[in-house]
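Worth knowing before you read on, the calculation uses all heavy atoms, side chains too, and leaves out hydrogens, waters and symmetry mates.
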Amino acid sequence: MLLIDIIPNKCDFCGCCVGVCPEDAIELKEAEIKIDENLCTNCSKCVWACPIEVLKFNKERLVNKNR
Amino acid sequence: MKSEYDVIVVGGGPAGSMAARFAAEQGVSVIMLEKDRDIGYPVRCGEAVSKAGIEEFIKPDDVFISTTIDKFAMISPDGTEVVIPLEQSGFILERRIFDYELAKQAASYGVEIITRAYVNGLIIEDGKVCGVKYEYKGEQQEMRSKVVIAADGVESRIGRWAGIKTHIDFRDMESCTQVTAANIDVDSSTLYFYFGKDVAPEGYFWIFPKRNNSANIGLGVSGAIGKKTSSQTYLNKFMSEHYPNAPILTKIAGGVPSSITLEKISAPGIILVGDAARQVNPLSGGGIVSGMIGGKIGGTIVGEAIKQNNLNHILTYDKAWAERLGKRHEIFGRIKDTIYNLSDEKYNSIAHAISKVPMQKRSLGNVFKIALFNKPSLLIDIAKVFLIK
Ligand SMILES: Cc1cc2nc3c(=O)[nH]c(=O)nc-3n(C[C@H](O)[C@H](O)[C@H](O)COP(=O)(O)OP(=O)(O)OC[C@H]3O[C@@H](n4cnc5c(N)ncnc54)[C@H](O)[C@@H]3O)c2cc1C
Ligand code: SF4
Ligand code: SF4
């Protein structure tokens, strides 16, 4: 289950997240970003590398799932 | 546009344009594909280069030079500012125009260029890269080549599809934010660097002056810092403390892959250049000139290989790069680790020591000596920088 949220309309398409993603799970076009949930391991490295807090690790979704 | 070229260059930044130009100079057919609408835009860069660095590629011209630099200022955590004259001058570019000029230069050697062409896959046959898959005008298309040159920047993925490990450790990613602001009253020939854990931990904060009292103001922090506090938070804090009313002309995010070069930058049918190969100088974070150098070396080798009908020749690119800059970057990387980890007290004592040196005696060499005095372990690495010329 993908636990990384992309806050809509906030991304600047800079590529920091893509550069650190070990799984090649992020697709970045001129003005479009997508995370492939089949590849993503929720490691959060992209979250830490994002300069402007676009990506968030969604803890609640994990809690809800485990309920 | 044809369906087959000798060389496909992916990415229209400085590294891509130079790779394309130097390949074309060998008389082979070259096309450059750029995903964005414009070459050179958006600008995600502080735009500082050395004069000697760009002169290898293009004659300095006011069209793409904003200001000329001959000093740098270091501002330590306690606010001590020391100004140090530079032995070699530098420029702050207008990259929006500079990148265009480089692409035009490539075009003058016969390179075809297409924008809004987003490469999203490779054609691989018998373990060799034979072209790219790309999206253009809403349609998925294919183009074949003898060699693909991946110049797709910090966000590079193309090398991965050819089986090269290209992602870098998040601690080596300098996550940057920058504004270009107006009404910034700084000296227009000085680069300003701020150090310390409050302004830019494990990185530095810069003010690079541009024409008419504007400036690029920004910082990079390692992903290790970003884990707790984002780059943007530091920039907002600095701006509200120093320039609360400055009109903001541009605001960007960006990444500098401040690692050493990838272990492998070529494979059958493909080479990587520029940020995609992680050819940035890991100490300064400068990647314009080093990317152009990577592009020149890579493009030339690829052109030669095709001309001689010996595609294995492209695999000599790794060694050629290592000898020109790669090995030196390894040492810069180690110096970076030391300098970025200096405590605020060390930065202060270095600044105080420099401020006691008379202006005419200040030089980069002297600054290093003072830094060494404060951190002797730097000596070995710096000595090596001068040995590997
Ligand atoms: C905030 C900041 C400040 C900086 N300051 C300086 C500085 O002062 N001095 C300095 O020397 N360096 C600086 N750098 C580094 C410098 O900007 C880069 O090293 C340099 O731009 C690298 O050039 P390049 O050609 O390798 O990549 P880029 O210039 O990033 O070009 C890559 C191109 O590839 C395109 N692309 C990516 N993926 C695809 C795809 N799938 N299909 C088609 N096209 C694609 C991109 O759109 C882009 O145009 C800074 C970087 C940042 C982020
Ligand atoms: S969480 Fe990890 S695997 Fe998932 S997109 Fe981010 S960096 Fe890639
Ligand atoms: S690092 Fe952040 S701003 Fe940059 S492309 Fe990724 S999500 Fe967007």
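Contact annotation for B:Ile252: both backbone and side-chain heavy atoms come within less than 4.5 Å of a heavy atom of chain A.
Chosen from A:Cys50, A:Gly19, A:Gly15, the residue pairing most often with chain B at heavy-atom distances under 4.5 Å is A:Gly19.
Side-chain atoms of B:Tyr243 and B:Ile207, non-hydrogen and from C-beta on, do get closer than 4.5 Å to each other. Taking the side chain as every heavy atom from C-beta outward, B:Ile270 and B:Leu122 approach each other to under 4.5 Å.
Each of B:Val10, B:Leu262, B:Ile149 was scored for a side-chain contact (heavy atoms from CB on, under 4.5 Å) with B:Leu272, with one residue passing: B:Leu262.
For the atom pair CD1 of B:Ile225 and CZ of B:Phe170, the computed distance is 10.5 Å after rounding to the nearest 0.5 Å.
Remark: the backbone N or O of B:Gly286 is not paired with any side-chain donor or acceptor of B:Asn281 at under 3.5 angstrom. A donor-acceptor pair under 3.5 Å is formed between the side chain of B:Tyr340 and the backbone N or O of B:Leu283.
What you find for B:Ala103 and B:Ile113 is that their closest heavy atoms are O-CD1, 3.5 Å.
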What are the sub-3.5 Å donor-acceptor pairs between chain B and chain A, distances to 0.1 Å?
{"unit_1": "B:Arg37", "atom_1": "N", "unit_2": "A:Glu30", "atom_2": "OE2", "d": "2.9"}
{"unit_1": "B:Arg44", "atom_1": "NH1", "unit_2": "A:Asp12", "atom_2": "O", "d": "3.3"}
{"unit_1": "B:Arg44", "atom_1": "NH1", "unit_2": "A:Asp12", "atom_2": "OD2", "d": "2.8"}
{"unit_1": "B:Arg44", "atom_1": "NH2", "unit_2": "A:Asp12", "atom_2": "O", "d": "2.6"}
{"unit_1": "B:Arg44", "atom_1": "NH2", "unit_2": "A:Phe13", "atom_2": "O", "d": "3.1"}
{"unit_1": "B:Tyr118", "atom_1": "OH", "unit_2": "A:Glu27", "atom_2": "OE2", "d": "2.7"}
{"unit_1": "B:Glu135", "atom_1": "OE1", "unit_2": "A:Lys29", "atom_2": "NZ", "d": "3.1"}
{"unit_1": "B:Glu135", "atom_1": "OE2", "unit_2": "A:Lys29", "atom_2": "NZ", "d": "3.3"}
{"unit_1": "B:Arg157", "atom_1": "NE", "unit_2": "A:Asp24", "atom_2": "OD1", "d": "2.7"}
{"unit_1": "B:Arg157", "atom_1": "NE", "unit_2": "A:Ile26", "atom_2": "O", "d": "3.3"}
{"unit_1": "B:Arg157", "atom_1": "NH2", "unit_2": "A:Asp24", "atom_2": "OD1", "d": "3.4"}
{"unit_1": "B:Arg160", "atom_1": "NH1", "unit_2": "A:Cys21", "atom_2": "O", "d": "2.7"}
{"unit_1": "B:Arg160", "atom_1": "NH2", "unit_2": "A:Val18", "atom_2": "O", "d": "3.0"}
{"unit_1": "B:Arg160", "atom_1": "NH2", "unit_2": "A:Cys21", "atom_2": "O", "d": "3.3"}
{"unit_1": "B:Trp161", "atom_1": "NE1", "unit_2": "A:Asp24", "atom_2": "OD2", "d": "3.0"}
{"unit_1": "B:Ile168", "atom_1": "N", "unit_2": "A:Gly19", "atom_2": "O", "d": "3.0"}
{"unit_1": "B:Ser175", "atom_1": "OG", "unit_2": "A:Ala49", "atom_2": "O", "d": "2.5"}
{"unit_1": "B:Ser230", "atom_1": "OG", "unit_2": "A:Glu53", "atom_2": "OE2", "d": "2.5"}
{"unit_1": "B:Gln232", "atom_1": "N", "unit_2": "A:Pro51", "atom_2": "O", "d": "3.0"}
{"unit_1": "B:Thr233", "atom_1": "OG1", "unit_2": "A:Glu53", "atom_2": "OE2", "d": "3.3"}
{"unit_1": "B:Ala253", "atom_1": "N", "unit_2": "A:Asp12", "atom_2": "OD2", "d": "2.7"}

